There are 2 protein chains.
Amino acid sequence: MKSYRSFKAGDVILWRGEPLEFVASMVQGVASLSKTLEDGRTQMVGLLLPSDFIGRPGRKQIEFDVTATSDVTLCCFDRVPFERLVDETPHVAQRLMELALDELDAARDWMLLLGRKTAREKIATFIEMLARRGRSNTSNLTAQSELPMTRDQIANYLGLTLETVSRQFNALKKEGIIDFKNRHQFEVKDIIALNEATGDDADGGVLS
Amino acid sequence: MKSYRSFKAGDVILWRGEPLEFVASMVQGVASLSKTLEDGRTQMVGLLLPSDFIGRPGRKQIEFDVTATSDVTLCCFDRVPFERLVDETPHVAQRLMELALDELDAARDWMLLLGRKTAREKIATFIEMLARRGRSNTSNLTAQSELPMTRDQIANYLGLTLETVSRQFNALKKEGIIDFKNRHQFEVKDIIALNEATGDDADGGVLS
DNA sequence: CGTGTTATTGATAGGTTTCAAGTTCGGTGG
DNA sequence: CCACCGAACTTGAAACCTATCAATAACACG
């Protein structure tokens, strides 16, 4: 009933519409949920990080593709016994509800970003999000952080083109707000300015 | 524990961050969920129609404003007894989970629209959505439908400006795809063309 | 019938995309 | 170990779409 499965960067984990035979928990790596228009334009509609959950009780299929962004390891459970577990354990059902509501909040934040933010604001928001994670609270927010995707994937996440992503990264670098150790390691040099560049309300209670 | 409350078009039903004292079910009218950036740009992140539910078990506040788009009547329940009900009735908890997952799917469709669709595609998608509702299945999709919001509200829903909304409506009218009886009553004259204008995959199984 | 709100229409400006070269980087095989 | 090769990224110029600004028109309500 429980098993581990691995995927290499770029592998498709689940296709849209495919019958859902298992649910899973992310063990390591980054995966993305994405939707595609008829002519090939795509938009990521979610990001899966370690400890995130794939699958939904009561649904036999999903409306988006799930793709491994980096190498991914999943801990999978057969769907049928899992659903029995959910039915019998109110605590588990409640936890799944929590997760769904968290995802919904995240989706709505992203809708604001996609619909109303400029390219610069989108990039700043994305960087701030990455920098905030890992270094979960007080400790120095200005340390090295990992950029876990290519420019093209970032563009699909932010509703931009890869060229615009590249330009905005380098603009922020030129202004001394961030710096790159290499293409996938960056450091925030000026959190205040970064936060101002997001277009959001001041600090969100994280800055001193 | 149960009561009815009315709001006039434009009234704010709930402010972001306000402690949530009740949950509610929409009885009549249209309400919208929206988020606002520091400088006033706003984006609707959801639409509430009759029978939709407001509130989330286990959460004491919400991360967006809820505003009455038209005159609205709500059927309200005090939060505390409602949560007791949810805890004690697995069937209700399950139903709420369903609703949350439906909202999540809708939010993700909207992310694709906001991130990747052109103004024309956004308008076409919006119109098709309105036309599909009410007339829930087979019966003539090409009847009068109601436009339940102002151009400005539509713009905030689609991530556009009101001028662009107006121009795209009139472009589709000029092409004979839709027609307006007045500013808030329209008719779809050519569903095929409308569907093609959405940018989505063919028909979604609704056309013959 | 005014009067204010909502919608249309036009002209212009601006931000992103698109198209097109280059460049850097990491890995691979000679 | 180094040269090469392809993928990922950067950079530039032009085109295009949408926003912005501004004026007019249509509508709804008293």
Side-chain angles (χ1 to χ4, degrees), chain A residues 8-11 30 37 39-43 69-71 113-127 146-175 178-186 197 199, chain B residues 8-11 30 37 39-43 69-71 113-127 146-175 178-186 197 199:
Chain A
K8 279 197 294 236
D11 285 359
V30 179
L37 252 25
D39 64 2
R41 283 171 286 172
T42 78
Q43 174 66 54
T69 298
S70 64
D71 291 354
L113 176 145
L114 292 172
R116 292 301 184 197
K117 288 192 178 182
T118 64
R120 180 186 171 87
E121 290 168 340
K122 287 176 176 179
I123 294 289
T125 304
F126 178 66
I127 293 175
E146 178 91 11
L147 214 48
M149 334 153 85
T150 66
R151 302 289 186 269
D152 187 51
Q153 291 166 335
I154 295 168
N156 283 336
Y157 194 33
L158 299 176
L160 298 169
T161 59
L162 69 155
E163 294 95 330
T164 299
V165 170
S166 178
R167 281 188 246 270
Q168 296 297 337
F169 271 143
N170 290 318
L172 291 177
K173 179 183 167 190
K174 226 162 273 175
E175 295 173 39
I178 57 173
D179 196 26
F180 286 93
K181 185 180 175 190
N182 61 50
R183 277 166 168 176
H184 296 282
Q185 295 273 113
F186 69 91
Chain B
K8 280 197 295 238
D11 285 359
V30 180
L37 252 25
D39 63 2
R41 283 171 287 173
T42 80
Q43 174 66 53
T69 298
S70 64
D71 290 353
L113 176 144
L114 292 172
R116 292 300 184 197
K117 288 192 177 180
T118 64
R120 179 187 171 87
E121 290 168 340
K122 287 176 175 179
I123 294 289
T125 304
F126 178 67
I127 293 175
E146 177 91 12
L147 215 46
M149 334 152 87
T150 66
R151 301 288 185 269
D152 187 52
Q153 290 166 335
I154 295 168
N156 283 336
Y157 194 33
L158 299 175
L160 298 169
T161 60
L162 68 155
E163 293 96 330
T164 300
V165 170
S166 179
R167 280 188 245 270
Q168 296 297 336
F169 272 141
N170 291 317
L172 291 176
K173 179 183 168 188
K174 225 162 274 173
E175 294 173 40
I178 58 174
D179 197 26
F180 286 93
K181 186 181 177 189
N182 61 50
R183 280 168 165 174
H184 296 281
Q185 296 272 115
F186 68 92

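Keep in mind that what you see is a predicted model, and the values were worked out from it rather than measured. We name chains A, B, ... by the order of the sequence lines, and we start the count at 1 in each one.
Using five terminal pairs a side, the axes of the helix from C:dC1-D:dG30 to C:dG30-D:dC1 at its two ends make an angle of 40°, given in steps of 10 degrees.
Proximity of residues 179-186 of chain B to DNA chain C (heavy atom under 4.0 angstrom from any strand atom) is restricted to B:Arg183, B:His184. A heavy atom closer than 4.0 Å to some atom of DNA chain C occurs in A:Gly159, A:Leu160, A:Thr161, A:Glu163, A:Thr164, A:Arg167, these being the qualifying members of residues 157-170 of chain A.
Evaluation of the side chain to side chain donor-acceptor pair (under 3.5 Å) rule for B:Ser166 yields no partner, not counting sequence neighbours. Listed by chain and residue number, B:Ala119, B:Leu160, B:Thr161, B:Gln168 satisfy the side-chain contact (heavy atoms from CB on, under 4.5 Å) test with B:Thr164 (two or more places apart in sequence, or in another chain). Remark: B:Phe186 engages no residue in a ring-ring contact (aromatic ring centres under 6.0 Å, His included) (not counting sequence neighbours). Legend: residues meeting salt bridge (charged side-chain N to carboxylate O under 4.0 Å, His left out) with B:Glu175, ordered by chain and number and at least two apart, are B:Arg120. For B:Gln185, the side-chain contact (heavy atoms from CB on, under 4.5 Å) partners are B:Gln144, B:Glu146, B:Lys181, B:Asn182, not counting sequence neighbours. Residues that satisfy the side-chain contact (heavy atoms from CB on, under 4.5 Å) test with A:Thr69, not counting sequence neighbours, are A:Val30, A:Ser32, A:Met149, A:Gln153. For the salt bridge (charged side-chain N to carboxylate O under 4.0 Å, His left out) test, residues two or more places apart in sequence or in another chain that qualify with A:Arg41 are A:Asp39, B:Glu121.
First and last contacting nucleotides of DNA chain C toward chain A (any atom under 4.0 angstrom from a heavy atom, 5' to 3' order): C:dT16 to C:dC25. From the 5' end on, the contacts that DNA chain D makes with chain A at under 4.0 Å to a non-hydrogen atom open and close at D:dA8 to D:dA13.
Minimum heavy-atom separation, A:Asn156 to A:Gln43: O-NE2, 3.0 Å. Among all heavy-atom pairs drawn from B:Arg151 and B:Val165, the shortest one is CD-CG1, 3.9 Å. Heavy atoms only, all atoms of each residue included: B:Leu114 and B:Tyr157 are closest at CD2-O, 4.0 Å.
Atom CG in A:Leu147 sits 6.0 Å away from atom CZ in A:Phe180 (nearest 0.5 Å). The CG atom of B:Asp179 lies 11.5 Å from the CG atom of B:Leu172; values are rounded to the nearest 0.5 Å. Remark: A:Asp152 CG to A:Leu162 CG distance equals 5.5 Å, nearest 0.5 Å.
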*Could you walk me through whether B:Thr42 and A:Arg116 pass side chain to side chain contact (heavy atoms under 4.5 Å, CB included), step by step?*
CA-CA 7 Å; B:Thr42 80; A:Arg116 292 301 184 197; 5.6 Å; no
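A donor-acceptor contact shorter than 3.5 Å links the side chain of B:Lys122 to the backbone of B:Leu158.
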